[in-house]
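Please read the structure below before turning to the comments.
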Amino acid sequence: MICHLLQPLICERFLTDARYREGHLRVVNALPERRVLGLHSPEIKAAAKQLSREGGEVAIPDGVHRICANGAEVIRAFEAVPSESLCYEETVIWGYLINLEKCSLDERLAMLTRYVPVLDNWAVCDSYCAHAKWMARADKTALWAFLERWFDSEREFEVRFAVVVAMCYFLNEEWLDKVFERINGLDFGSIKSKYKTVKGKPKMAQQGTVQGAEPYYVRMGVAWLLATALAKVPDKTRDFVRSSNLPEDVVKLYIRKARESFRTRTVEAV
């Protein structure tokens, strides 16, 4: 859709250095059907900012080209095409454009309702959430009500979206109990994942595989949330983990993350 605008921004090493390209693909770990162009984060952000300010030419899958005057029009163009036709970088830019829009909360949540189902990768999900600074200023009651539907989803990255947003913007005294209640009620067995579990670390990047139980990225998201909570409210977090219904492997992932973080490596996790 906007690949022609992104091609000049592709990292040269991604195109010429097989080892570098392998490392990039391994980190992103997109599904096999999601093409990765090879842009770095600064270039992706710069492209999103330019599109938000100035718009640009988009190419619809049927071959028709149209000029979008601003970011809102580019967002509508993204919404109008099959999401599977987009490359990894385009899905990231779509999210950044939503964050950059100047609009009401209702309008932004309406755009998110159409965007969240497109999430199919940890990097797209997490980069969106980390840059959604408007959430820090939003009406938390309305935003939490919006998250409820995604906590109840059976799709891996819709649930991870809710978990990561909760971690970024709701780990405070007012909302902590609600966050813990929500993750404690997750039915990991009913959440569907397109990623397949493999044993051992493959020598070559195998797109769409993980080294952990499904849904791996929800389990990791919950572990990350708990490790972050441990840094902020250690006593409450330990009490919750001891009494929770969380699967044993999620608790182990949490402990590992806590030990790896410089904020909590000396803090008792359970």
Discussion item. Run the salt bridge (Lys or Arg N to Asp or Glu O under 4.0 Å) test against Asp235 and tell me which residues pass, sequence neighbours left out.
Written reply: Arg238
Worksheet item: How far apart are the C-alpha atoms of Glu214 and Ser193, what are their side-chain angles, what is the distance that settles it, and do they pass the side-chain hydrogen bond (donor to acceptor under 3.5 Å, both in side chains) test?
Response: CA-CA 6 Å; Glu214 301 175 18; Ser193 175; 4.9 Å; no
Fill in: Glu260 atom CD, neighbour heavy-atom count above 12 within 6.0 Å
yes
Worksheet item: Between Tyr128 and Phe161, how do the two ring planes meet: parallel, tilted or perpendicular, split at 30° and 60°?
Response: tilted
Practice prompt. Over all heavy atoms of both residues, which pair between Leu9 and Glu43 is shortest? Give the atoms and the distance, please.
Written response: O-CG, 3.9 Å
Discussion item. For Glu33, I'd like to know if atom CD has over 12 heavy atoms of other residues, nucleotides or ligands within 6.0 Å.
Written reply: yes
Fill in: Expected output: side-chain Ser52 to main-chain Lys49 donor-acceptor under 3.5 Å
no
Fill in: Flag, side chain of Glu73 to backbone of Gly55, donor-acceptor distance under 3.5 Å
no
Worksheet, complete the sentence: Contacts of Arg13 meeting salt bridge (Lys or Arg N to Asp or Glu O under 4.0 Å) (sequence neighbours excluded), chain-then-number -> Asp17
Worksheet item: In terms of the angle between their ring planes, are Phe14 and His24 parallel, tilted or perpendicular, with boundaries placed at 30° and 60°?
Response: perpendicular
Item to complete: Identify whether the distance between the nearest side-chain nitrogen and carboxylate oxygen of Glu158 and Arg149 falls below 4.0 Å.
Response: no
Fill in: Sub-4.5 Å side-chain heavy-atom contact between Ile93 and Leu6
yes
Worksheet entry | Side-chain donor or acceptor of Thr197 paired with backbone N/O of Gln211 under 3.5 Å | no
Worksheet item: Is Phe78 close to Leu97 at the side-chain level, that is, under 4.5 Å between some pair of heavy atoms?
Response: yes
Worksheet, complete the sentence: Test side chain to side chain contact (heavy atoms under 4.5 Å, CB included), reference Cys87, set Leu37, Leu39, Ile2, output is Leu37
Worksheet item: Out of curiosity, Glu181 CD to Ile183 CD1, how far, rounded to the nearest 0.5 Å?
Response: 11.0 Å
Response to the item:
d(Thr113 OG1, Glu79 CD) to nearest 0.5 Å is 10.0 Å
Practice prompt. Output yes when Arg160 and Asp126 qualify as a salt bridge under the 4.0 Å nitrogen-oxygen rule, no when they do not.
Written response: yes
Worksheet item: Donor-acceptor pair, Arg34 side chain versus Asn29 backbone, under 3.5 Å?
Response: no
Discussion item. Could you check whether Phe151 and Trp144 have their ring centres less than 6.0 Å apart?
Written reply: yes
Fill in: More than 12 heavy atoms of other groups within 6.0 Å of Arg19 CZ
no
Item to complete: Using ring-ring contact (aromatic ring centres under 6.0 Å, His included) as the criterion, point out the one residue from Tyr217, Trp122, Tyr216 that pairs with Tyr195.
Response: Tyr217
Worksheet item: Does the distance from a Lys or Arg side-chain N to an Asp or Glu carboxylate O, for Asp120 and Lys194, drop under 4.0 Å?
Response: no
Worksheet item: Taking NZ, NE, NH1 and NH2 as the nitrogens, is one of them in Asp239 or Lys236 under 4.0 Å from a carboxylate oxygen of the other?
Response: no
Worksheet item: Cluster question for you: counting only ILVMFWY and a side-chain heavy-atom cut-off of under 4.5 Å, with indirect links fine, are Tyr88 and Val27 together?
Response: yes
Worksheet item: Quick one: does Val210's side chain get under 4.5 Å of Val198's, heavy atoms only?
Response: no
Worksheet item: Is the shortest heavy-atom distance from the side chain of Val241 to the side chain of Leu230 under 4.5 Å?
Response: no
Fill in: Pair Phe240 and Phe180, ring centroids less than 6.0 Å apart
yes
Discussion item. Any side-chain to backbone donor/acceptor pair from Lys192 onto Ser190? Under 3.5 Å, distance only.
Written reply: yes
